[in-house]
Amino acid sequence: MFDKVLIANRGEIAVRIIRACRELGIETVAVFSDVDRESLHVRYANEAYYLGPAPSRDSYLRGDKIIDIALKSKAGAIHPGYGFLAERGDFAQQVEDAGIVFIGPRPSAITAMGDKAVARATVTAAGVPVVPGTEGEGNLSDEEIMQIAPKIGFPLLVKATAGGGGKGMREVSDIEELPPRLNAARSEAEAAFGDGNVYLEKLLTNARHIEFQILADSQGNVIHLAERECSLQRRHQKLLEESPSPFMNESLREEMGQVACKAASAVDYLNAGTIEFLVNEDGKYYFLEMNTRLQVEHPVTEIVTGLDIVKEQIRIARGRKLHATQEDIQLSGWAIECRINAEDPYNNFLPSTGKITQSILPTGPGVRVDTGVYPGFEISPYYDSLISKLICWGETRGEAILRMRRALEEYRILGVKTNIPFHQNIMDSHRFMAGQYDTRFVEERFSMDQTSGKQKEHAEIASIMATVVAHRESQRSSQIVRKSERDTSNWKWIGRWERINR
Amino acid sequence: MFDKVLIANRGEIAVRIIRACRELGIETVAVFSDVDRESLHVRYANEAYYLGPAPSRDSYLRGDKIIDIALKSKAGAIHPGYGFLAERGDFAQQVEDAGIVFIGPRPSAITAMGDKAVARATVTAAGVPVVPGTEGEGNLSDEEIMQIAPKIGFPLLVKATAGGGGKGMREVSDIEELPPRLNAARSEAEAAFGDGNVYLEKLLTNARHIEFQILADSQGNVIHLAERECSLQRRHQKLLEESPSPFMNESLREEMGQVACKAASAVDYLNAGTIEFLVNEDGKYYFLEMNTRLQVEHPVTEIVTGLDIVKEQIRIARGRKLHATQEDIQLSGWAIECRINAEDPYNNFLPSTGKITQSILPTGPGVRVDTGVYPGFEISPYYDSLISKLICWGETRGEAILRMRRALEEYRILGVKTNIPFHQNIMDSHRFMAGQYDTRFVEERFSMDQTSGKQKEHAEIASIMATVVAHRESQRSSQIVRKSERDTSNWKWIGRWERINR
Amino acid sequence: MKYVTSTGDESFEIEINGENDLLVNGQRMLIDFRSVVGQSVYSLIVNGKSYEALVQPTEEGLEVLLHGQLFQVSIEDERQRRLRQSTGSTTVRRGEFHLKAPMPGLIVTVHVREGQEVKTGDRMIVLESMKMQNEISSPTDGTVRTLRIKPGDNVDQNQVLLTLG
Amino acid sequence: MKYVTSTGDESFEIEINGENDLLVNGQRMLIDFRSVVGQSVYSLIVNGKSYEALVQPTEEGLEVLLHGQLFQVSIEDERQRRLRQSTGSTTVRRGEFHLKAPMPGLIVTVHVREGQEVKTGDRMIVLESMKMQNEISSPTDGTVRTLRIKPGDNVDQNQVLLTLG
């Protein structure tokens with residue numbers, strides 16, 4: 001049985017896994033690229049080894065180097081986190097071949113679920129409903145696709161077979177649009193995954209994205225930890241998750257949970273995984289895909305079930321029996337997670353890079369923060385823009401929302417732009433409060449310019465603060481520069497102030 | 001019913017109360033002294049008013065000013081927090097006379113429990129066992145005390161009737177010691193509380209300090225939220241608390257819980273309060289005192305019961321019925337709190353003042369931090385040295401300890417000395433891990449110089465790090481100062497480096 | 001010193017008479033205003049109300065982030081105002097605008113060509129960074145004067161991508 | 001540069017040959033060492049092991065706080081060592097020691113008088129601050145030369161309380 005784990009990842013998830021290992025008394029090995037020497041995962045691990053240059057393909061995707069480091073450092077297991085090598089069946093196989101435990105599913109299950117078309121065919125065979133589309137037909141030509149599309153019906157989605165994170169994905173609203181979108185999807189998929197194969201999927205409108213957390217041990221026990229509501233997305237990127245879902249009821253939960261366990265069993269699943277469904281307004285649900293790894297949003301499930309999913313992963317990988325049965329899983333209260341990204345919600349969610357000069361975390365009752373950054377840390381353009389995950393618990397959904405509101409208001413990150421104001425606006429949205437939202441909510445029915453009763457009062461306060469800042473800065477700079485006259489251009493004056501204050 | 005609350009306090013507890021109000025949609029009013037304008041409680045509140053100069057007697061103890069501000073700002077209630085005015089029956093009465101709700105017990109209960117002698121007499125009458133001593137006899141002369149002492153037996157404690165926080169308290173091991181100690185206790189009590197009255201109490205050896213959290217509503221319902229173990233003290237100051245107590249069993253909990261409720265009922269108690277007991281090795285317990293306010297260590301109870309005690313306080317003050325019955329209170333897992341103080345555990349726990357230049361909080365699963373400070377905040381000598389409370393939850397006591405260990409290791413506070421290393425040593429102590437400790441443990445059987453297997457390896461690493469730092473600094477300073485020769489005195493050289501780096 | 005400060009549809013006359021003494025639209029306000037984290041976080045107490053906001057300079061003026069709302073604030077002092085009124089111009093002349101890369105990355109697509117007229121919000125460039133395709137839109141109406149990049153280029157942060165005139 | 005570094009009972013010969021290249025008791029070590037929070041927090045990676053510690057100067061040398069253990073480290077370079085060996089002295093001469101107030105507060109008790117001999121750890125002064133009575137002990141053996149305070153005095157941080165010789 002292993003007592004040292006190499007974490008083949010970076011950022012908040014590497015820190016999360018290191019924490020779980022520490023709390024189990026297991027030694028940890030970090031790996032790092034050129035820009036991550038000072039990252040928290042390197043600082044918190046017992047050992048740390050250099051991987052390569054910043055780009056992922058030269059560092060965190062170098063499975064060969066990572067396996068070498070594991071062997072050299074005598075790590076008995078590798079935890080892949082999410083992203084990077086987490087869903088690469090070939091990597092999992094190489095890890096096993098090197099005599100190292102892969103903390104995740106068997107390579108065969110990763111491969112089966114990794115090919116979207118194979119995954120759909122597999123679960124269909126197991127009797128699990130899937131979104132109508134070209135399931136299991138793989139590698140279709142453009143001609144075949146043009147023929148099949150009208151049978152599925154519009155609107156539909158062209159999706160990359162090897163895809164993920166919205167890449168190689170296009171929406172098509174009628175047959176005219178299909179050829180150019182198909183083309184775009186194929187070339188994006190080719191560029192991103194080296195595989196231009198795509199498939200079609202019916203686009204469900206007013207649908208919710210609901211997923212079930214699965215745990216499976218090596219003794220064949222499979223349980224689910226209920227659902228996560230992930231409909232709050234922008235361009236197929238999740239921004240906020242909650243557990244339970246405001247849409248769910250007990251009987252649907254039980255039914256979908258059983259279906260999720262069945263889907264996992266269909267590929268002889270081991271360790272933690274997630275079955276994603278689309279659910280329409282009538283409660284009809286369709287299998288979307290299986291994520292054969294730890295999810296970003298796992299903390300909301302941890303908080304309402306009381307289980308530590310990463311510790312469970314490690315216990316399972318050590319050959320232990322699940323320490324909870326399905327009957328033991330009881331949901332307590334409500335948890336919401338906001339993904340805090342380095343991006344500007346007022347400017348098309350453009351990513352923001354730079355040094356975090358200050359970070360004051362919200363704390364207190366019911367608040368959890370998972371992060372890999374600290375003041376002085378540089379957000380680089382090489383990896384994703386996730387700064388932290390802010391998770392709030394409440395006895396009720398209402399309490400969780402109110403707590404999230406106060407936590408967002410307390411959170412201060414300086415040096416980069418963040419999407420905290422976006423989440424603040426979501427928490428104030430009446431539709432969100434009522435639980436009335438679907439996967440199109442952010443793009444179609446939400447705006448950052450919502451007017452509230454406080455708007456006018458706040459406009460006055462903002463004006464006063466800006467004016468006093470400008471006044472004091474102009475006085476200070478005139479004292480420093482000893483110019484008899486101020487520049488007449490506002491723009492230049494601000495420019496000068498910026499220079500002075502740099 | 002009030003919808004605005006004035007918080008007559010500062011620091012972490014003021015922030016804690018503001019958070020509870022926010023999460024209930026209640027407006028908050030902060031008050032602040034000269035040195036607290038930039039404190040978190042001022043920043044987080046909706047309104048903030050200046051009280052006076054830094055010393056407590058000119059600011060946070062100015063009940064008259066605080067009531068004026070409450071009236072002016074139309075706050076319908078005052079929450080006193082702990083310390084300052086929290087246990088002053090006269091203040092609570094003045095608040096009520098001004099037509100403002102006091103979020104706490106009735107003035108009569110505060111007064112009854114505030115006089116230690118009256119408190120002991122009251123609970124004795126209700127059939128609750130008290131530590132043998134001069135209960136209820138009040139205002140004894142030195143002669144009377146000299147006569148009674150041998151009947152109680154040595155060792156014993158001389159305690160100030162109006163006391164708290166270890167002031168006006170002296171241990172006496174035989175009759176010879178009594179006169180000088182009595183004298184010292186009286187003069188300290190006179191200086192601290194303006195009341196030189198003292199009483200005697202038997203000193204229980206190998207005793208644990210265990211307290212029960214009480215909630216009582218205005219409809220006469222009284223429940224307890226189980227116990228907190230508070231034996232880890234230094235000079236009668238609590239340093240670490242846990243819930244449940246490793247010493248407790250279910251039947252003793254039930255019995256002591258009922259006794260605690262009875263003690264509270266004896267003074268017609270309202271709102272949150274705590275009954276403190278001493279428990280000896282045989283499980284015999286004695287009433288020590290009642291704290292008629294929120295305790296510093298309330299979070300451990302919140303975490304294992306799932307109740308938000310501050311919100312409960314506010315609900316009770318609004319006239320609501322308790323929203324849990326005794327049967328609803330189920331303990332889940334284990335919680336430990338470490339008080340992080342600005343004091344030097346390597347130098348007699350001497351308080352440390354100064355600006356906090358950096359603060360990197362431990363986060364992640366099962367970790368809660370309650371604090372009132374942030375980077376840039378100045379720890380002043382005017383108030384207590386509590387920087388924050390670090391609370392960890394685990395499914396078991398073992399998991400909570402392991403989590404606390406990793407959280408303490410992650411915590412970075414720069415600019416002042418802290419007692420984090422003390423807590424790290426406690427977490428590594430075999431006696432603590434085994435739950436074998438009493439109120440004398442820290443003073444009598446614990447040392448900061450414990451040797452561990454890692455000691456030798458760490459000595460080498462520490463030497464390497466220090467040498468490289470010194471080498472680089474000496475190179476850097478020789479470049480800057482361009483001196484051909486280094487000073488021969490190590491001390492001066494470090495002094496120069498300090499000046500350069502200031 | 002007198003200022004006219006506007007944000008959105010709102011406009012305020014703000015007169016500053018000493019550190020803490022203001023006239024806002026003729027009404028006197030005593031303020032307690034300071035930077036609290038030593039950077040761009042400011043705390044304001046006025047009439048007992050406590051506010052905290054991020055105040056930062058932009059190329060247009062100042063932006064204030066207050067309770068999750070972003071206010072673009074422009075400020076004119078008396079002298080600037082007289083100048084503008086006497087010359088009769090209603091907007092400040094802007095001259096050329098250099099569109100800079102907000103972060104390092106790879107140019108994926110360029111939607112505009114030199115000489116093309118663009119309106120505020122028009123898509124101009126797709127920049128790949130942080131595993132995302134990021135659309136950069138025109139911040140203003142104008143004409144593309146110089147185009148300094150092409151698809152496939154790697155750009156540094158703040159590198160000028162094109163110039164609008 | 002060669003150093004002899006000691007902490008507690010342990011002593012190490014450390015030779016620094018360039019930024020990252022050490023000989024520790026004759027054994028070569030390649031290190032990756034840097035300050036990580038821009039202050040006194042340092043991260044060391046050596047032979048793959050990752051350590052983080054607080055390293056701060058004291059009046060005696062340096063102190064290192066590593067995994068909850070505090071190490072008082074004293075460092076001598078070759079030149080200092082030769083000097084010490086040639087003069088035959090085994091301890092560095094200390095001269096006078098000024099005991100300073102670690103924080104502002106009120107002097108409650110003074111346990112010593114001028115001319116009195118004290119040993120390390122002897123109680124000297126009780127200073128009230130932060131609601132606590134704080135005992136200040138002698139950091140060294142010596143004689144009280146000058147006593148600069150009396151009970152009832154308010155003192156500032158770093159104010160000299162007495163001088164030991």
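Computed from a predicted model, the values in this text were never measured in an experiment.
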Exercise. Check whether any side-chain heavy atom of B:R16 sits under 4.5 Å from a side-chain heavy atom of A:T363, and report yes or no.
Key: no

Quiz item: Salt bridge between A:R19 and B:E410, side-chain N to carboxylate O under 4.0 Å?
Solution: yes

Quiz item: Given a strict heavy-atom distance threshold of 4.5 Å, which part of B:H298 is in contact with chain A: side chain, backbone, both, or neither?
Solution: neither

Quiz prompt | Residue, of A:R43, A:E12, A:R405, A:Q358, that accumulates the most heavy atom pairs under 4.5 Å with chain B | solution = A:Q358

Quiz item: Is A:E409 salt-bridged to B:R22, going by a charged N under 4.0 Å from an acidic O?
Solution: no

Practice problem: Let me see the working for B:M404 and A:E23 under side-chain contact (heavy atoms from CB on, under 4.5 Å), right down to the final yes or no. | Solution: CA-CA 9 Å; B:M404 182 62 84; A:E23 294 174 11; over 6 Å; no

Quiz item: With a 4.5 angstrom heavy-atom cut-off, which part of B:V369 approaches chain A: side chain, backbone, both or neither?
Solution: both

Practice problem: Can you measure from OG1 (B:T371) to CG (A:L361) and round to the nearest 0.5 angstrom? | Solution: 11.0 Å

Quiz prompt | Minimum side-chain heavy-atom gap A:P365-B:D370 below 4.5 Å | solution = yes

Self-check item: Interface moiety of B:P299 toward chain A, non-hydrogen atoms closer than 4.5 Å
Solution: neither

Quiz item: CG/B:D308 to CD/A:E399 distance, rounded to the nearest 0.5 angstrom?
Solution: 6.5 Å

Practice problem: Kindly indicate whether the side chain of B:K311, heavy atoms from C-beta on, has any atom under 4.5 Å from the side chain of A:E395. | Solution: no

